[in-house]
Amino acid sequence: MYRTHDCNALRPADIGKTVTLCGWLNSRRDHGGVIFIDLRDREGLTQVVFRPEEHAEAAAAAHGLRGEDVLQVSGVVAARLPGTENPKLATGAIELVAGDLTILNKADVPPFPIDEEIANEDLRLTYRFLDLRRPRMARNLKLRHRVVKTARDFLDEAGYLEIETPILSKSTPEGARDFLVPSRLAPGLFYALPQAPQQYKQLLMVGGLEKYFQIAKCFRDEDLRADRQPEFSQIDIEAAFITPEDIFSLIEGLFRRVFQAARGIDLPTPFPRMTYDEAMNRYGSDKPDTRFAMELRDLGDVFAASDFKVFKGALAGGGVVKAINAKGFAGVTTGQIEELTAMAKLHGAKGLAFIKVEKGEWKSPIVKFFSEQEKQSLRERLGIEEGDLILFGADKWETVCNVLGRIRLRVAEIQRLTAGMEALHFLWVVDFPLLAFSEEENKWNAVHHPFTRPLAEDLPLLERGEFSRVRAQAYDVVLNGVEVGGGSIRIHEQALQARMFEVLGVTREQQQTMFGHLLRAFSFGAPPHGGVALGLDRIIMLLCGTENIRDVIAFPKNNRGMDLMSQSPSEVDFKQLRELAIQVVKKNP
RNA sequence: GGAGCCUUAGCUCAAUUGGUUAGAGCGCCGCCCUGUCACGGCGGAGGUUGCGGGUUCGACCCCCGUAGGCUCCGCCA
């Protein structure tokens with residue numbers, strides 16, 4: 001047996017016991033005679049004292065110890081001398097008086113300090129095995145374990161079966177770019193890594209398993225972000241004979257249990273609900289951050305007969321005029337206005353009109369076009385007061401909502417409205433549109449995915465071809481402006497699914513080659529079913545209070561999808577390629 | 001594919017308007033030190049300022065290019 005306790009276990013009650021600890025040397029304070037070391041394992045720190053007059057051999061050996069050496073120390077637990085207790089340590093009232101010291105392994109000098117935060121993430125990722133020794137990373141991974149374990153227990157108690165689905169699966173045309181895996185046995189053919197276990201979980205429902213879940217690894221070959229990795233995890237859930245209401249309460253219960261276990265937080269349920277239209281109209285986003293107001297206000301009626309051509313023109317063309325009131329932001333700098341204007345233009349607006357309310361005066365390039373009546377209405381509608389900054393959007397509805405929604409978030413960031421805020425604003429966004437028209441491809445695409453069920457009352461709209469008005473039985477769960485999950489009730493009838501593919505421009509032949517198995521399954525008595533997928537990494541990020549997904553994954557990829565520690569991806573031997581019938585075309589240098 | 005910021009000792013950062021030998025703290029190495037916990041004291045090593053080119057009497061500093069990192073847009077059903 002290597003040890004009797006961990007390094008966070010010993011307390012005054014253990015004084016007098018003979019114990020053995022193992023761990024890494026966190027720090028050494030060598031006084032020439034007496035020597036102190038802090039021994040670290042994943043649970044914490046314990047001070048070990050070497051006294052030459054009591055155990056000369058161990059003390060002599062302790063002089064040669066260096067940071068990160070791996071040690072085994074035996075001795076007697078003692079109270080610290082009065083006045084030398086360390087209240088910063090959980091074990092600070094006691095120390096281990098070393099009798100025996102075994103050096104299990106010497107360590108080279110680490111390339112960066114283990115006991116403090118460093119900024120160089122490149123280096124941290126290259127030496128990830130050292131980075132993981134840092135208490136913050138250990139804490140994040142422990143919390144991740146707690147979340148996953150709690151979710152498994154909760155879903156098990158609710159009657160859900162954890163079932164694995166294939167990693168080697170089939171490429172599908174919709175959605176993200178696939179990672180491909182060449183087949184050796186069928187040269188020239190490829191598996192795809194799953195973007196999500198979507199079809200498999202629906203087929204499990206056809207298979208009569210009724211309630212399924214999985215902590216599913218998903219793969220998407222798209223560019224990375226601070227909150228996006230090419231491989232990530234979902235808590236994937238699907239059930240037969242289930243309504244959206246059932247799913248909402250299941251997921252609310254799951255979040256309650258997880259937040260209780262991970263952070264001791266008692267979440268209020270049920271979560272508020274908001275339709276997609278309302279979210280867009282009030283917050284300019286389908287994942288609204290409701291921790292602060294600054295809501296979008298519609299001004300169509302105010303400017304219906306305006307002399308200001310930009311607003312009147314937008315309204316006449318079927319568009320909208322909206323504004324947000326950035327309370328207390330009249331002190332905005334010229335540079336910030338330029339930044340916000342550039343942001344507005346980047347997302348399709350022609351410009352960004354504004355009013356600064358300073359010293360009782362409305363400072364603005366456009367206010368001269370407004371009548372007294374219009375100014376009065378504005379004042380009331382937006383609650384305008386001294387020190388406010390009003391920002392306008394006038395264009396198509398989608399453009400105005402999107403632009404003002406992004407500006408709202410940027411202004412909140414500049415004003416630090418949510419800095420240090422502990423609030424947890426969960427909400428469901430419901431009644432998403434089923435379809436969205438892509439100008440680029442000149443076709444209709446599924447907003448959620450092609451298996452999403454239209455709202456029953458909107459089926460006639462689908463038949464009449466009024467695609468933009470068809471709503472889906474789809475829902476997202478949003479926390480503090482972050483989409484942490486989403487799902488839908490699925491189509492379970494062959495005919496309706498075929499009709500959806502038709503609308504999406506998938507030919508009958510394509511339907512058969514790509515989705516034939518699913519359509520066939522639906523013809524053999526598929527039960528009504530639906531589900532949801534929760535973004536595990538993002539949930540852990542919010543629980544850990546980090547903005548960086550790499551902080552909650554043991555071995556993540558960097559910005560360019562590379563693992564700096566193992567140097568992957570890497571070149572492979574030409575024999576491997578030959579077996580796979582693959583020829584690499586190298587870019588000219 | 002595009003944009004912004006960044007790159008100086010092992011780490012975190014300085015370096016005056018372009019000026020002569022590029023500094024500090026931590027870490028590291030050596031010596032000393034018997035109650036520290038950011039231990040302390042003395043001494044020491046450590047740099048092609050990412051790389052390449054240019055301007056200049058002179059470049060860490062200015063210009064061009066390039067590589068790498070991070071963040072964002074596009075992309076992510």
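Chain letters run A, B, ... following the sequence lines, proteins first, then strands; residues in each count from 1.
In this structure, A/L346 atom CG and B/G74 atom C1' are separated by 9 Å, rounded to whole Å. Going from atom CZ of A/R228 over to atom P of B/G74 covers 9 Å, rounded to whole Å. The CZ atom of A/R124 sits 14 Å away from the P atom of B/C11 (whole-angstrom rounding).
Checking the phosphate oxygens (OP1, OP2) of B/G69, no side-chain nitrogen or oxygen of A/N120 falls inside 4.0 Å.
Between A/E68 and A/P110, the shortest heavy-atom contact is CG-CG, 3.9 Å.
Contacts between residues 477-489 of chain A and RNA chain B, defined by a heavy-atom separation below 4.0 Å, involve no residue at all. Listed by residue number, the members of residues 544-554 of chain A with any heavy atom below 4.0 angstrom from RNA chain B are A/R550.
With hydrogens and angles ignored, a donor-acceptor pair under 3.5 angstrom links the side chain of A/D223 to the base of B/G74.
Salt-bridge check for A/E231 with A/K217: passed, with a basic side-chain N closer than 4.0 Å to an acidic carboxylate O.
Taking atom C1' in both B/A14 and B/G58, one finds a spacing of 22 Å when rounded to whole Å.
Of all nucleotides present, only B/G43 satisfies the Watson-Crick or G-U wobble test against B/C29, with each distance under 3.5 Å. The pairing partner recorded for B/A24 is B/U12, the criterion being a Watson-Crick or G-U wobble arrangement whose two distances lie under 3.5 angstrom.
For A/E466, the salt bridge (charged side-chain N to carboxylate O under 4.0 Å, His left out) test picks out A/R464, A/R469, with sequence neighbours left out. Legend: residues meeting salt bridge (charged side-chain N to carboxylate O under 4.0 Å, His left out) with A/K106, ordered by chain and number and at least two apart, are A/D69. Looking at residues two or more places apart in sequence or on another chain, you find no salt bridge (charged side-chain N to carboxylate O under 4.0 Å, His left out) involving A/K170.
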*How would nucleotides 23-36 of chain B be written as a contact map, 5' to 3', with B for base contact, S for sugar-phosphate-only contact and - for no contact, using protein heavy atoms under 4.0 Å?*
-----SSS--BBBB
